[in-house]
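Only one structure is covered here, and it is reproduced in the block below.
What you see below is based on every heavy atom in this structure, not just the backbone, and it leaves out hydrogens, waters and symmetry mates.
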Amino acid sequence: MKSPLLSLPGAVPAEGRDEGVAAHYGDLFREQRALADGSGLVDLSHRGVVTVTGDDRLTWLHLLLTQHVSDLEPGRATEALILSANGHIEHALYLVDDGTTVWMHVEPGTRDELIAYLESMKFFYRVEVADRTADFAVVHLPAGSIAPVPDGVTVRETAHGRDLFLPRAGLEAYAAANGPVAGILAYEALRVEAHRPRLGFETDHRTIPHELGWIGTAVHLQKGCYRGQETVARVHNLGKPPRRLVFLHLDGSEVHLPGPGTPLRLAADGEEGRRLGFVTTSARHHELGPIALALVKRNVPVDAELIAGDTAAAQETVVEP
């Protein structure tokens with residue numbers, strides 16, 4: 001779904017998974033600084049919006065999700081995962097309940113599969129699942145923003161800012177009144193800085209929550225059964241995940257950024273060395289310069305100097321080995 005904000009001056013369309021919104025509006029660093037200062041907004045209208053209503057909505061979701069939501073208070077934001085039977089991450093959901101409805105936004109391209117799964121699990125529970133993407137657009141206000149929230153609009157408020165489920169028909173007017181609008185690249189740079197993983201970027205077909213630091217934030221370890229719980233419990237109690245998320249400071253003298261999938265090796269071994277991991281997301285930050293998130297094998301020393309392709313990379317620990 002193409003955003004109407006792509007018609008704003010300077011808008012450059014994003015590509016890949018974020019197609020449909022702007023990558024930037026002509027000045028990436030200015031947009032980042034505005035968000036870091038608590039001003040402006042980010043158009044996330046390409047994300048899927050799904051709602052669950054009915055008297056059993058929270059107890060039912062509690063059985064399916066990794067997060068404890070049976071007693072979720074109205075207005076309290078949370079995030080959760082849906083795992084495969086083997087504990088691999090299939091969906092990431094960003095939720096809030098408004099007292100009658102659970103609202104969630106999900107990654108572009110995952111909505112239909114998520115809804116199909118939820119519909120298949122309804123059984124006798126009093127719940128209704130609805131795709132609201134055509135009617136509502138997600139807008140992100142950064143932490144510290146004083147932009148008003150229109151009456152009746154559902155909000156997810158977190159430490160990183162507020163996500164508004166804004167009626168899609170009002171998106172242009174809201175952006176005009178509360179801009180400047182920042183592109184998805186500015187939003188992503190701040191996400192990488194905050195070490196926050198993203199489905200489809202930091203995950204592949206075999207990712208488990210422990211590798212990305214999602215234990216605690218999206219996975220509750222003291223709740224009842226859900227699909228994939230056996231893997232979560234076994235790794236937590238008896239072992240270590242095979243990989244771990246790291247944050248990388250990249251060599252700022254390089255013109256290019258190592259893209260997703262770029263192999264990581266020991267700097268001492270050079271470009272022919274053994275592959276130890278790969279870049280998941282890279283970005284240019286307005287203060288830190290070129291940065292990235294990456295997955296590496298658990299036994300890679302935390303002080304090892306790495307290279308991403310041919311770019312020097314100093315790592316910071318996100319998930320402990």
Side-chain angles (χ1 to χ4, degrees), residues 1-48 92 94 105-110 137-145 147 158 160-164 171-172 175 178-203 245 247-262 278-294 308-309 311 313 318:
M1 188 172 294
K2 185 177 179 180
S3 172
L5 302 189
L6 282 170
S7 64
L8 293 177
V12 174
E15 299 177 348
R17 294 178 185 270
D18 288 319
E19 183 180 3
V21 296
H24 60 82
Y25 292 89
D27 192 335
L28 173 62
F29 290 157
R30 177 187 59 78
E31 295 166 31
Q32 283 188 40
R33 293 187 189 98
L35 294 179
D37 291 340
S39 61
L41 57 88
V42 183
D43 176 16
L44 300 179
S45 62
H46 62 319
R47 294 182 65 84
Y94 299 85
H105 63 80
V106 299
E107 288 293 336
T110 67
V138 180
V139 171
H140 176 77
L141 302 177
S145 171
T158 72
H160 304 289
R162 290 177 287 170
D163 297 334
L164 278 56
L171 176 59
E172 288 181 276
N178 298 286
V181 183
I184 194 70
L185 290 183
Y187 179 82
E188 284 289 279
L190 299 185
R191 177 182 72 82
V192 172
E193 178 194 16
H195 306 167
R196 292 187 289 134
R198 183 177 171 189
L199 182 77
F201 288 69
E202 278 61 60
T203 66
L245 186 69
F247 176 79
L248 300 177
H249 291 275
L250 302 172
D251 181 1
S253 65
E254 297 289 343
V255 175
H256 68 282
L257 283 174
T262 300
F278 58 94
V279 172
T280 58
T281 306
S282 57
R284 296 192 185 278
H285 191 274
H286 68 286
E287 290 183 341
L288 300 177
I291 56 176
L293 293 175
T311 301
V318 177

Does the side chain of [X] reach to within under 4.5 Å of the side chain of [Y], using non-hydrogen atoms?
| X | Y | value |
| --- | --- | --- |
| Leu199 | Val106 | no |
| Glu31 | Leu185 | no |
| Ser145 | Arg162 | yes |
| Thr203 | Pro197 | no |
| His285 | Leu190 | yes |

For the residue pair [X] and [Y], what are the closest heavy atoms and their distance?
| X | Y | result |
| --- | --- | --- |
| Ala175 | Leu41 | CA-CD2, 3.9 Å |
| Pro13 | Leu6 | CA-CD2, 3.9 Å |
| Val42 | Gly183 | CG1-O, 4.3 Å |
| Ser3 | Leu171 | OG-CD2, 4.0 Å |
| Leu250 | Ala313 | CD2-CB, 3.8 Å |
| Ser45 | Ala137 | CB-CB, 3.6 Å |

Side-chain donor-acceptor pair present, Ser253, Asp251, cut-off under 3.5 Å: yes
Kindly write out the residues that satisfy side chain to side chain contact (heavy atoms under 4.5 Å, CB included) with [X], not counting sequence neighbours, or none if the list is empty.
| X | result |
| --- | --- |
| Glu172 | Pro4, Leu5, Ser7 |
| Asp27 | Phe29, Arg30 |
| Ala36 | His286 |
| His46 | Asp18, Val21, Leu44, Pro108, Ile184, Arg198 |

If I take atom [atom1] from residue [X] and atom [atom2] from residue [Y], how far apart are they, to the nearest 0.5 angstrom?
| X | Y | atom1 | atom2 | result |
| --- | --- | --- | --- | --- |
| Asn178 | Leu141 | CG | CG | 7.5 Å |
| Arg284 | Glu188 | CZ | CD | 15.5 Å |
| Leu257 | Thr262 | CG | OG1 | 9.5 Å |

Residues forming a ring-ring contact (aromatic ring centres under 6.0 Å, His included) with Tyr187, sequence neighbours excluded: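 Partners of Tyr187 by the ring-ring contact (aromatic ring centres under 6.0 Å, His included) criterion, ordered by chain and then number, come out as His140.
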For His249, ring-ring contact (aromatic ring centres under 6.0 Å, His included) partners two or more places apart: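 For His249 the ring-ring contact (aromatic ring centres under 6.0 Å, His included) partners, ignoring immediate neighbours, are Phe247.
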Residues Asp37, Ser39; criterion side-chain hydrogen bond (donor to acceptor under 3.5 Å, both in side chains); working and verdict: CA-CA 6 Å; Asp37 291 340; Ser39 61; 5.8 Å; no
Neighbour count above 12 (heavy atom, 6.0 Å) for Glu193 CD: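 Yes - once you tally the heavy atoms of other residues, nucleotides and ligands closer than 6.0 Å, there are more than 12.
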For the side chain of [X] and the backbone of [Y], is there at least one donor-acceptor N/O pair under 3.5 Å apart?
| X | Y | result |
| --- | --- | --- |
| Arg47 | Val138 | no |
| Thr281 | Leu293 | no |
| Ser282 | Pro258 | yes |

